[in-house]
Structure formats: structure tokens, C-alpha cells
> 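Quick one: the structure is below, and I'll ask about it shortly.
None of the values given here were measured: they were computed from a predicted structure.
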Amino acid sequence: MIEPFDDAEAICAVINNAASAYRGAIPADRWHEPYMPLDVLRSEITAGVKFFCFRRGAAVAGVMGLQPVLDVALIRHAYTLTAEQGTGVGSQLLDHVRRQTDRRLLVGTWNAATWAVRFYERRGFRRVSDEDKERLLRRYWNVPERQIAESVVLREERSRMPDSFRGASP
């Protein structure tokens, strides 16, 4: 069952469980414990990230956020519990989120999170060029320069990209 979800503590628990995969994969200066502090998540929700959860019975097995920003929608904080990975939870959440917007979808993730990149690529997303990645991260996200250097951005292939994605000035 997928439903809107605003229980910040439960969302944090899923994120921090699943983000353990980043330990040792992403640069050490980008890893911290917990990966997603509760106050940071609450700030994300206040900034407009709407979360959805996948429940298996009464338990939350995965979460995915959607945030409208300017002319696009960002997939934010998409995580599946470690024990549930590979069971279709992420795919079902992504399909649900896609139906929530008619905006172009973008997702950013760590370049070193090759499993996440593959997940999105298998579902119709494609990496943008490094030049476009930097432009998009600066325009639609609020992340530090170090994270920009270590990230990738993927766009959904089904959408026509606005001119700003193709190198025109925003």
C-alpha cells in the first residue's frame, strides 16, 4: 500500500537504515551519523518535500519524496529498508510518484551510488552531462559544492527538457 506520509521519525528511520549502503562508498567527508538527522528532514518537509510510503502490513518498507521546484519536480530522499531492497518497493514508489505530477522529473544521487544510478536508468532515466549536472544542481537543489562534485543528475526520458537543461541561460 502506498500513501502520503508525514511521520518524520519513521521516514528518518527508513532513510538512515537504507543509507548505511553509502558508508564506505561515498566520500568520507560526506558521510555522517546519522545520515539524515531528524531536524534536517523536518526542514526538507517544510521546504515542500511531500513524502509517500510503501507499507508492507503495518511496517513502512520504503519512502520517496517529491518536491516541485520552479518548472520541474525533484525525486527526493528515495529509500527502501535494507531488508526490503530488491522486492519492488522502490519501483512501486517511483511509479506512484510519477503519477503525482505532470512536471519533468529529475533525481540527484551520489555518483558512487552505482546501484541507485542503475535503478533509475532501468526505469527510463538518463544521466545528464557534467555541465548540465552542475547547472541543474545549482538551479533546483540547495547542496554544497562538494556534493555537486560527487553527484549525478538523471532526468526522465519521457519528458522534453526545457531549454535551460540544454545549455541555454536560465
> So for atom CD, which belongs to E9, do other residues, nucleotides or ligands contribute more than 12 heavy atoms lying within a distance under 6.0 Å?
no
> Write down the atom of L74, the atom of Y140, and the distance for their closest heavy-atom approach.
CD1-O, 3.3 Å
> Could you check if a side-chain atom of C53 sits within less than 4.5 angstrom of a side-chain atom of I11, using non-hydrogen atoms only?
no
> I need the minimum non-hydrogen distance between Y35 and N16, along with the two atoms involved.
N-OD1, 3.1 Å
> Quick one: are R127 and E121 in side-chain contact, heavy atoms under 4.5 Å?
yes
> Keeping E150 on the side-chain end and R146 on the backbone end, is there a donor-acceptor pair under 3.5 Å?
no
> State yes or no: do W31 and V40 share one hydrophobic cluster built from I, L, V, M, F, W and Y residues joined by side-chain heavy-atom distances below 4.5 Å, directly or via other members?
yes
> Give me the ring orientation class for H77 and F51: parallel if the planes are under 30° apart, tilted from 30 to 60°, perpendicular past 60°.
parallel
> Determine, stepwise, if the pair I148 / V143 fulfils side chain to side chain contact (heavy atoms under 4.5 Å, CB included).
CA-CA 7 Å; I148 290 172; V143 294; 3.6 Å; yes
> Where do F54 and E84 land on the side chain to side chain contact (heavy atoms under 4.5 Å, CB included) test, with the steps shown first?
CA-CA 11 Å; F54 179 100; E84 292 281 350; 5.7 Å; no
> I need the K50 NZ to L66 CG distance, nearest 0.5 Å.
8.5 Å
> Going by the side chain to side chain donor-acceptor pair (under 3.5 Å) test, name the single residue among R126, R123, R103, R98 that passes it with E156.
R98
> Contact between L93 and I2 at the side-chain level, heavy atoms closer than 4.5 Å - yes or no?
yes
> Less than 4.5 Å apart, side chain to side chain, heavy atoms only: is that true for E3 and M1?
yes
> Side chain to side chain contact (heavy atoms under 4.5 Å, CB included) between F125 and V153: does it pass, once the steps are laid out?
CA-CA 9 Å; F125 286 75; V153 171; over 6 Å; no
> To the nearest 0.5 angstrom, please state how far the SG atom of C12 sits from the CG atom of N17.
12.0 Å
> For I45 versus A8, what's the shortest heavy-atom pair and its separation?
CD1-CB, 4.2 Å
> Report the distance from atom CG of D29 to atom CD of Q147, rounding to the nearest 0.5 Å.
10.5 Å
> Could you see if L137 belongs to whatever hydrophobic cluster contains V128? Use Ile, Leu, Val, Met, Phe, Trp, Tyr and a side-chain cutoff under 4.5 Å.
yes
> Heavy atoms only: give me the nearest A25-A112 pair and the separation to one decimal.
O-CB, 3.2 Å
> Could you state the interatomic distance from CG (N111) to OG (S151), rounded to the nearest 0.5 Å?
8.0 Å
> Give, for atom CE of M64 and atom CD1 of I75, the distance between the pair rounded to the nearest 0.5 Å.
6.0 Å
> Indicate, with yes or no, if the rings of W115 and F119 have centres closer together than 6.0 Å.
no
> Applying the 4.5 Å side-chain criterion to the ILVMFWY set and letting contacts propagate, would V49 and L38 be lumped into a single cluster?
no
> Would you say that L41 contacts I15 through its side chain, given a criterion of any heavy-atom pair below 4.5 Å between the two side chains?
yes
> Under the criterion salt bridge (Lys or Arg N to Asp or Glu O under 4.0 Å), I'd like the reasoning laid out for E134 against R139: C-alpha separation, chi angles, the key distance, then a yes or no.
CA-CA 9 Å; E134 291 183 18; R139 179 175 173 141; over 6 Å; no
> Is there a side-chain contact between F5 and R55, using heavy atoms and a 4.5 Å cut-off?
yes
> Shortest non-hydrogen contact from G62 to V14?
CA-CG1, 4.1 Å
> Would you call S91 and R122 a side-chain contact if the rule is heavy atoms closer than 4.5 Å?
no
> Would you find a donor on one side and an acceptor on the other, under 3.5 Å apart, between the side chain of S43 and the backbone of D39?
yes
> If you group Ile, Leu, Val, Met, Phe, Trp and Tyr by side-chain heavy-atom gaps below 4.5 Å, do Y120 and V63 land in one group?
no
> Look at the side chain of R56 and the backbone N and O of A59, then say whether any donor-acceptor pair between them is shorter than 3.5 Å.
no
> Does a side-chain heavy-atom distance below 4.5 Å link L154 with L106?
no
> Looking at Y79 and A18, what are the two nearest heavy atoms and their distance?
CD2-CB, 3.6 Å
> When rounded to the nearest 0.5 angstrom, what distance separates CH2 in W110 from CD1 in I26?
4.5 Å
